[in-house]
Undergrad: 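Please find one structure pasted underneath; my questions will follow.
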Amino acid sequence: MKPSIPKGTRDFSPAEMQRRNYIFETIKSVFLLHGFQQIETPAMENLSVLEGKYGEEGDKLLFRILNSGPVLEQIRNSKSEIRNADVTEKGLRYDLTVPFARYVVQHRNEITFPFKRFQIQQVWRADRPQKGRYREFYQCDADIIGSNSLLNEVELIQIVDKVFTQFKIPVTIKVNNRKILQGIAELYNLKEKFKDFIIVLDKIEKIGLEGVENELKEKGLTQINIRTVLIRQSIARGLKFTDGSDMALSDINNAFQKCESEVGMKGITEVVAIANTVYETTELKNSIEFDISLARGLDYYTGAIIEVKAKDVQIGSVCGGGRYDDLTGIFGLPNVSGVGISFGVDRIYDVMEELKLFDALQTEQSSTEILFVNFGEKEEIFCLKLVTELRSAGIAAELYPDRDKIKKQMSYANDRKIPFVALVGEEEMKSGKVKLKDMNSGEEKLVGKEQIAEMIGKK
RNA sequence: GUGGUUGUAGCUCAGCUGGUUAGAGCAUCAGAUUGUGGUUCUGAGGGUCGCGGGUUCGAACCCCGUCAUCCACCCCA
């Protein structure tokens with residue numbers, strides 16, 4: 001049998017893990033710096049928790065877990081009708097936000113609000129794999145729940161900027177607001193079909209405003225309306241703006257005002273407030289861009305939405321998030337608003353590799369600083385004592401476990417990029433010295449055991 | 001779910017218009033070097049050519065099917 005792993009999953013070898021850990025640790029340290037607390041939730045959730053939270057497409061991409069045990073046999077043998085719930089009642093988590101909402105409701109009495117939590121775990125999607133798209137991948141989420149303040153949005157933007165600055169990945173932070181999109185939907189008389197509408201609007205960059213309107217018409221989604229004239233001008237002019245210019249925004253705001261779209265105006269106010277606070281308080285290293293076509297597919301967003309795209313790398317977004325006003329409501333805890341962002345570690349990895357950002361990082365070296373060559377029974381005991389001493393002094397040391405040829409043991413040290421090798425044979429044991437070899441220079445020196453730490457630059 | 005790409009040694013690939021024992025580099029192992037790696041030299045092992053069927057005197061190569069892979073659409077981290 002040829003061994004293989006499921007479609008869209010990957011093994012991570014030591015070299016990759018070192019790089020991945022660097023990414024995890026960097027993100028984690030920024031989260032901690034901002035006062036977030038870590039939690040974990042189970043890989044699987046009850047389907048009732050997951051279903052209907054991610055839109056129609058999301059439901060299709062849920063990994064469902066087959067019920068185990070006698071149930072399966074029963075189903076196979078039964079001639080009666082099989083209900084969905086008999087076959088599967090659990091699913092792998094699709095993101096970290098929905099399980100978090102479930103967690104908050106379940107633990108509401110233990111939580112002090114506003115609750116700032118972060119979570120670093122895998123999620124699974126039954127998508128077709130392709131570039132930058134996997135069926136199992138990690139998300140690093142930071143959410144603030146139980147606070148309506150827009151300062152939270154500001155903080156998330158700061159975190160995003162900080163993280164990608166540390167990675168040296170140039171990014172564009174795109175922002176928009178679902179309330180603005182709702183406002184536009186109102187002007188187009190599309191209030192009822194909001195979901196369909198934003199999916200079409202999302203394509204504006206590819207097919208243009210006219211393309212969007214044509215597609216809306218084709219789908220019978222729009223009615224000709226004087227208001228549309230007003231809004232289409234504003235949209236066309238305000239597709240994007242960067243770095244604080246709010247010209248285009250005020251344009252759209254005017255349209256909202258004339259048409260009395262309260263949500264729309266609220267959305268504009270929020271975007272402007274967030275932008276102003278960011279610019280007043282923070283020197284961003286990356287550019288922030290208002291993009292009216294930014295929609296995001298997840299159903300639960302209601303306010304600010306954020307998406308981060310790496311410049312010069314085509315890979316979709318590396319980070320995304322937004323505000324959800326009533327995600328906990330479905331689980332029985334209404335009126336709790338939250339905002340969050342999610343970093344896609346696997347895509348960040350791909351981007352860093354493409355931009356050759358790992359080259360500058362020392363990720364190849366083994367953690368072991370010194371290897372003791374194994375010469376035989378007596379030497380083993382002698383060396384093991386030394387190894388133990390070195391370890392208690394905080395030096396990563398190991399003894400080669402088998403009495404293999406020296407050549408093989410040296411190759412082992414070399415392959416693992418262990419910088420020092422200690423050779424202790426009969427002669428050395430007699431003299432109480434250790435022959436220390438620097439693997440980079442090839443130099444060898446006889447030293448006393450108390451000098452080892454010094455020699456390998458640990459003192 | 002729709003469209004396309006590619007499947008040859010552990011890895012990366014070559015293999016002419018179908019023609020005899022299917023090759024290379026890297027990796028592995030052994031030796032040159034019985035207390036020394038990374039360099040060099042010598043040698044060795046390793047392949048149902050994704051799988052199944054068909055055409056043919058003859059198929060890695062052509063045809064059909066199937067599976068896998070990667071890429072694009074959709075959607076997304």
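Every chain is numbered from 1, with letters handed out A, B, ... down the list of sequences.
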Undergrad: Can you find a donor-acceptor pair, distance only, under 3.5 Å between A:Arg128 side chain and B:rU2 base?
TA: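 Side chain to base: pair found, below 3.5 Å.
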Undergrad: Which nucleotide, if any, forms a Watson-Crick or G-U wobble pair with B:rC11, using both distances under 3.5 Å?
TA: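 When the pairing criteria are applied, B:rG25 turns out to be the nucleotide that pairs with B:rC11.
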Undergrad: Less than 6.0 angstrom from the centroid, inside 45 degrees of the normal: does A:Arg347 satisfy that with respect to the ring of A:Phe137?
TA: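 Judged by the rule, A:Arg347 and A:Phe137 form no cation-pi pair.
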Undergrad: Any donor-acceptor pair, under 3.5 Å, between the side chain of A:Lys437 and the base of B:rU36, if you only look at N and O atoms?
TA: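 A donor-acceptor contact between them is present.
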Undergrad: Run the salt-bridge test on A:Glu307 and A:Lys174 with the 4.0 Å N-O cut-off and return the result as yes or no.
TA: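 Salt bridge absent between A:Glu307 and A:Lys174.
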Undergrad: Ignoring hydrogens and angles, does a donor from either the side chain of A:Asn414 or the base of B:rG37 sit under 3.5 Å from an acceptor on the other?
TA: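 Looking at the base of B:rG37, it does pair with a donor or acceptor on the side chain of A:Asn414 (distance under 3.5 Å).
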Undergrad: How many Å lie between CZ on A:Phe375 and P on B:rU36, as a whole number?
TA: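 One finds 9 Å between P of B:rU36 and CZ of A:Phe375, rounded.
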Undergrad: For A:Glu398, enumerate each residue passing the side-chain hydrogen bond (donor to acceptor under 3.5 Å, both in side chains) test, keeping only those at least two apart in sequence or located in another chain.
TA: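 Applying side-chain hydrogen bond (donor to acceptor under 3.5 Å, both in side chains) to A:Glu398 gives A:Thr368, A:Tyr412, A:Arg416.
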Undergrad: Identify, between A:Glu443 and A:Asp415, the residue whose nearest nucleotide on RNA chain B lies closer to the 5' end.
TA: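 The answer here is A:Asp415.
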Undergrad: Does the plane of the ring in A:Phe167 sit parallel, tilted or perpendicular to the ring in A:Phe164? Use 30° and 60° as the thresholds.
TA: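 The arrangement is perpendicular - the two ring planes meet at more than 60°.
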Undergrad: Taking the side chain of A:Lys407 as its heavy atoms from C-beta onward, which of B:rG35, B:rG37, B:rA77 lies nearest to it?
TA: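 Nearest nucleotide to the side chain: B:rG37.
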Undergrad: What nucleotide, of B:rA30, B:rA77, B:rG35, holds the atom closest to the side chain of A:Lys405?
TA: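 So the nucleotide nearest the side chain must be B:rA30.
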Undergrad: Strictly by Watson-Crick or wobble contacts shorter than 3.5 Å, is anything paired with B:rU66, and which nucleotide is it?
TA: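 Partner of B:rU66: B:rG50.
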Undergrad: For the base of B:rG35, is there a side-chain donor-acceptor partner from A:Glu426 under 3.5 Å away?
TA: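 No pair found.
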Undergrad: May I ask you to check whether A:Tyr94 and A:Asp59 show a side-chain donor-acceptor distance below 3.5 Å?
TA: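 No pair is found: no donor N or O on one side chain lies under 3.5 Å from an acceptor on the other.
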Undergrad: Spell out yes or no: do the side chain of A:Glu444 and the base of B:rU36 have one donor N/O and one acceptor N/O closer than 3.5 Å?
TA: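 Present.
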Undergrad: To the side chain of A:Gln130, which of B:rC71, B:rU69, B:rA77 is closest?
TA: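 Looking only at side-chain atoms, A:Gln130 lies closest to B:rC71.
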Undergrad: Under 5.5 Å centre to centre and under 30° between planes: does that hold for A:Tyr412 and the six-membered base ring of B:rG37?
TA: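 Here the ring of A:Tyr412 and the base of B:rG37 are not stacked, as the 5.5 Å and 30° limits are not both satisfied.
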Undergrad: Can you check the distance between B:rA60 and B:rG19, where both ends of the measurement are the P atom (answer in whole Å)?
TA: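 These two P atoms come out 10 Å apart once rounded.
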Undergrad: Atom NZ of A:Lys445 to atom C1' of B:rU36: distance rounded to whole Å?
TA: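 To the nearest whole Å, that distance equals 18 Å.
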Undergrad: If each of A:Tyr134 and A:Ile5 is mapped to the nucleotide of RNA chain B with the nearest heavy atom, which maps nearer the 5' terminus, i.e. the 5' end?
TA: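 Per heavy-atom nearest nucleotide, the more 5' residue is A:Ile5.
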Undergrad: Of all the choices, B:rC75, B:rG35, B:rC71, which nucleotide is nearest to the side chain of A:Lys131 once you look at every atom?
TA: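 Of the options given, the side chain of A:Lys131 lies nearest B:rC71.
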Undergrad: Over how many whole Å does the gap from A:Arg135 atom CZ to B:rC70 atom P extend?
TA: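 Rounded to whole Å, this separation is 11 Å.
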